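Data block below; observations after.
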Amino acid sequence: MEQRHLGRTGLRVSRIGLGTLTWGRDTDEHDAADLLKTFWEAGGTLVDTADVYGDGESEYLLGKLMDGLVPRRDLVISTKAGSVPDPDRRVDGSRGHLLGALDASLARLGTDHVDVWHIHAYDPVTPLDETLQALDVAVGSGRARYAGVSNFCGWQLAKAATWQLAAPARTRLASTQMEYSLLQRGVEREVLPAAVDLGIGMLPSSPLGRGVLTGKYRGGSAPADSRGASAHLAPFVAPYLDDTAGRIVDAVTTAADGLAVTALQVALAWVRDRPGVAAPIVGARNAQQLTAALSVEALSLPDEICRALDDVSAPVHRYPDHDWSTL
C-alpha cells in the first residue's frame, strides 16, 4: 500500500487507515484479529482508536493483538482523548484529564508510546493553551510521537495550529481527524483549507458516508447485518438516508457501473485523493469488507468522474466561505 506523509511531518502512514470504533463491542476478538492481520498483510500501517471506543475495550483488544499477532513496530497507532461519558460535560480538555487518559490508553494498549495522539474534540470551558500544553507534555515525555486534534472547526483548528507554531518548544499539529465523504463535505468550507495552509494532514472518518455510499441501503431497507439495522448504530446512519443522499449514492453507483468497479471503491477513491487528505479511516465489520475496501489501492478515478461526483455532491458555499468578489 502506498505511504503518505502525515501533514508537514516526517511520519509516513498508509493511505488507508483501519478504524476500530466497534472493537470490543460489536467486533469480537476473532474478527478483530482477522481485520488487523488482513490490513497488515496488505501493507497497512495506520490503526486508529480512542479511549472511549467500547469504553476502552477497543484499545485493550488492539493491545492484546499487537502482543502476538502483528509486530508493534509495523503499526502507526493513533488514539484520542478528551471525550467523556458525562451528559453534562461531553468533552474534558483539561491538562490533568488528558494526560491521565493518555496513561490509561498506554496501559490498555500495552505500549510505552502512541505514534499519534489526538485531542478528541474542542473543550469550550478549558483554556485552549492548557489543552495544547498536554500535547507538548505528551510528546516531550515520549508518550506520543506526534500530536493532532479531532472535530475542531475551522477557527479552532487555525487557532490551535498557530499557537503551536508560535514558539519553537511547542509541538506542531500533524493531523486533524474529521468526518469527510461525498455525503459530508462540510470540512471543505474552512477546516480543509486551513489544514492545507498549515501543513496539517486530514484523516477522514466515515469516508463511506457511514456505509451509505456502498449502496447497501438503496431501496429503503437495511440489510440485517448492517449498522443501519443495529439498535445503537441506526441513529448514526439515519441522517444519510434522505433524498439528497440518495441522489449522490445513485451517481456513485452509476460511476461504478461505468468503470466496472464497486460503489465502495468509487466513494473511497474520491475522498482518498482529495487535496490535503492523508488517509481515510475505514471501519470495516469483517475481513471480507476490509479486503473490498483495500482493493481501492489499484483504482484512480478519471478526472471526468471526479468532476461529475463533485458537482452532484457540491455543498453550498456562500459568503464568507468563498472569495467575496466572486459572489
Side-chain angles (χ1 to χ4, degrees), residues 1-7 13-19 39 42-44 46 48 175-196 200-218 227 236-237 239-284 289-317 321:
M1 192 183 303
E2 183 179 322
Q3 304 287 304
R4 289 173 172 172
H5 285 278
L6 185 60
V13 299
S14 54
R15 64 175 181 167
I16 297 292
L18 176 63
F39 183 66
L46 178 63
D48 180 73
S175 55
T176 181
Q177 188 172 144
M178 302 288 291
E179 184 170 353
Y180 186 23
S181 73
L182 279 162
L183 297 184
Q184 178 52 273
R185 295 177 62 184
V187 297
E188 293 178 7
R189 294 187 179 94
E190 292 191 342
V191 176
L192 192 54
V196 170
I200 298 169
M202 174 67 70
L203 299 174
S205 59
S206 297
L208 297 174
R210 307 181 184 185
V212 174
L213 286 166
T214 63
K216 69 175 68 176
Y217 300 105
R218 295 179 82 196
R227 292 174 181 175
F236 182 65
V237 176
Y240 293 156
L241 297 178
D242 60 10
D243 291 340
T244 299
R247 288 191 291 273
I248 297 171
V249 173
D250 288 344
V252 170
T253 303
T254 299
D257 291 343
L259 295 171
V261 296
T262 65
L264 179 155
Q265 290 172 309
V266 169
L268 189 55
W270 180 88
V271 71
R272 180 199 65 196
D273 294 333
R274 298 295 286 179
V277 168
I281 307 298
V282 175
Q289 282 190 349
L290 180 59
T291 299
L294 296 178
S295 68
V296 76
E297 183 68 15
L299 175 66
S300 293
L301 296 179
D303 290 343
E304 58 270 25
I305 295 294
C306 289
R307 287 194 295 269
L309 294 174
D310 289 351
D311 289 344
V312 75
S313 64
V316 177
H317 278 178
D321 297 322

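Please read these numbers as outputs of a predicted model, since none were measured by experiment.
Inter-residue side-chain proximity for T176 and V187 is flagged as unmet; no heavy-atom pair is nearer than 4.5 Å. At least one side-chain heavy atom of P207 sits less than 4.5 Å from a side-chain heavy atom of L268. Between P239 and R210, the closest side-chain pair of non-hydrogen atoms falls below 4.5 Å. Side-chain contact between Y180 and L192 is present, with heavy atoms from C-beta onward closer than 4.5 Å. Residues L301 and D273 are not in side-chain contact: their nearest non-hydrogen atoms beyond the backbone lie 4.5 Å or more apart. The closest side-chain heavy-atom distance from P280 to I16 is below 4.5 Å. Y240 is not listed as a side-chain neighbour of S206, based on a closest heavy-atom distance of 4.5 Å or more. L203 places none of its side-chain heavy atoms less than 4.5 Å from the side chain of D48.
Contact record, A278 with H5: CB-O, 4.2 Å, taken as the closest heavy-atom pair. When every heavy atom of L264 is checked against every heavy atom of L208, the shortest pair comes out as O-CD2, 3.7 Å. Nearest heavy atom pair, residue V249 against residue G215, reads CG1-CA, 4.0 Å.
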Notebook entry, point to check: Would V191 and M202 count as a side-chain contact (heavy atoms from CB on, under 4.5 Å) if you check the C-alpha gap in whole Å, the side-chain angles of each, and the deciding distance to 0.1 Å?
Noted result: CA-CA 9 Å; V191 176; M202 174 67 70; 3.9 Å; yes
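Every residue meeting the salt bridge (charged side-chain N to carboxylate O under 4.0 Å, His left out) condition with E188, not counting sequence neighbours, appears here in chain and number order: R185, R274.
Taken to the nearest 0.5 Å, the CE atom of M1 stands 8.5 Å off from the CZ atom of R15. With rounding to the nearest 0.5 angstrom, the CG atom of D310 is 6.0 Å from the CH2 atom of W270. Taking CG from L183 and CD1 from I248, the interatomic distance works out to 5.0 Å, rounded to the nearest 0.5 Å. With rounding to the nearest 0.5 Å, the separation of CG in L46 from OG in S14 is 5.5 Å.
Using a distance-only test at 3.5 Å, with no hydrogens or angles considered, no donor-acceptor pair links the side chain of T253 to the main chain of A263. A donor-acceptor pair under 3.5 Å is formed between the side chain of R4 and the backbone N or O of V277. Put simply, the side chain of Q184 never gets that close to the backbone of L182: no donor and acceptor are under 3.5 Å apart. A side-chain donor-acceptor contact under 3.5 Å links E297 to the backbone of E2.
Residue pairs that meet the salt bridge (Lys or Arg N to Asp or Glu O under 4.0 Å) test with at least one member in residues 243-260, sequence neighbours left out, are R218-D250.
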